[in-house]
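Below is one structure, written out as structure tokens; the observations come after it.
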Amino acid sequence: MKKIINTDNAPAPIGPYNQSAAINGLLFVSGQIALDHRSGNLVLDNIEAETTQVLENIGAILAAAGTGFANVVKASVFVKDINNFGRINAVYAQYFDNETAPARELVQVAELPRFVNIEISVIASLT
């Protein structure tokens, strides 16, 4: 049976979806953008700050489900500018270490919600 997991420590969904859904020992976290859940403002100072906010949002959702970054098995990263790859990776590496890093793709897209520069979704194990 599917279980919906939302938290007040991450931005509320802005459409007909939830922050995450769990089923069969897996947690599917919806794509997160750099919305600060406290202020409701986007964090767009630079790609590092934006990536950090996205990963903090994901971390809050993972924690609400009782898991963490070490249990992420797949990450999907969508960016507006592939030239930011190295800068994004530098922040990403602060959340994932080489031993437990998930499978991942990072792709450039034409546009993202609210005209942000990065969106990340993950799938994590709950066991």
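The basis for the numbers below is simple: all heavy atoms, side chains too, and nothing from hydrogens, waters or symmetry mates. Residue numbers start at 1 and run along the sequence shown.
- Counting Ile, Leu, Val, Met, Phe, Trp and Tyr side chains that sit under 4.5 Å apart, directly or through other members, Phe115 stands alone, with no cluster partners.
- Every residue meeting the side-chain hydrogen bond (donor to acceptor under 3.5 Å, both in side chains) condition with Asn6, not counting sequence neighbours, appears here in chain and number order: Asn18.
- Here the CD1 atom belonging to Ile5 is positioned 4.5 Å from the OG atom belonging to Ser20, to the nearest 0.5 angstrom.
- Other residues sharing the hydrophobic cluster of Val73, ordered by chain and number and joined by side-chain separations under 4.5 Å: Ile23, Leu26, Phe28, Ile123.
- Sorted by first then second residue, the ring-ring contact (aromatic ring centres under 6.0 Å, His included) pairs that include residues 58-91, not counting sequence neighbours, are Phe69-Tyr95, Phe69-Phe96.
- Taking Ile, Leu, Val, Met, Phe, Trp and Tyr as members and joining any whose side-chain heavy atoms lie under 4.5 Å apart, directly or through other members, the hydrophobic cluster of Ile14 also contains Tyr17.
- Among residues two or more places apart in sequence or in another chain, the salt bridge (Lys or Arg N to Asp or Glu O under 4.0 Å) test is passed with Asp45 by none.
- Proximity of Thr51 to Val54: side-chain heavy atoms (C-beta onward) are nowhere separated by under 4.5 Å.
- Cluster membership check: Val29 does not share its hydrophobic cluster with Ile33, using side-chain heavy-atom separations under 4.5 Å among Ile, Leu, Val, Met, Phe, Trp and Tyr.
- Within the structure, the salt bridge (Lys or Arg N to Asp or Glu O under 4.0 Å) test picks out the following pairs touching residues 57-79 (sequence neighbours left out): Lys74-Glu105.
- In this structure Arg87 satisfies the salt bridge (Lys or Arg N to Asp or Glu O under 4.0 Å) test together with Glu48, sequence neighbours excluded.
- Listed by first then second residue, pairs satisfying salt bridge (Lys or Arg N to Asp or Glu O under 4.0 Å) with a partner in residues 109-126 read Lys80-Glu111, not counting sequence neighbours.
- Formation of a donor-acceptor pair under 3.5 Å by the Gln19 side chain with backbone atoms of Ile61 is not found in this model.
- The side-chain heavy atoms of Thr67 and Ser125, taken from C-beta on, include no pair separated by under 4.5 Å.
- Within the 4.5 Å cutoff, no side-chain heavy atoms of Asn117 are placed close to those of Val79.
- When each of Asp36, Val43, Leu42 is paired with Ser39, the side-chain contact (heavy atoms from CB on, under 4.5 Å) condition holds for Asp36 and for no other.
- When atom types are taken as modelled, the side chain of Ser30 and the backbone of Ser121 share no donor-acceptor pair closer than 3.5 angstrom.
- With contacts defined as side-chain heavy-atom distances shorter than 4.5 Å, the pair Val91/Ile88 does not qualify.
- Residue pairs meeting the ring-ring contact (aromatic ring centres under 6.0 Å, His included) criterion with at least one member in residues 43-63, sequence neighbours excluded, do not occur.
- Side chains of Asn46 and Glu50: no donor on one and acceptor on the other come within 3.5 Å.
- Judged as a side-chain hydrogen bond (donor to acceptor under 3.5 Å, both in side chains), and not counting sequence neighbours, Gln32 has no contacts.
- By the side-chain hydrogen bond (donor to acceptor under 3.5 Å, both in side chains) test, Asn24 pairs with no residue at all, sequence neighbours left out.
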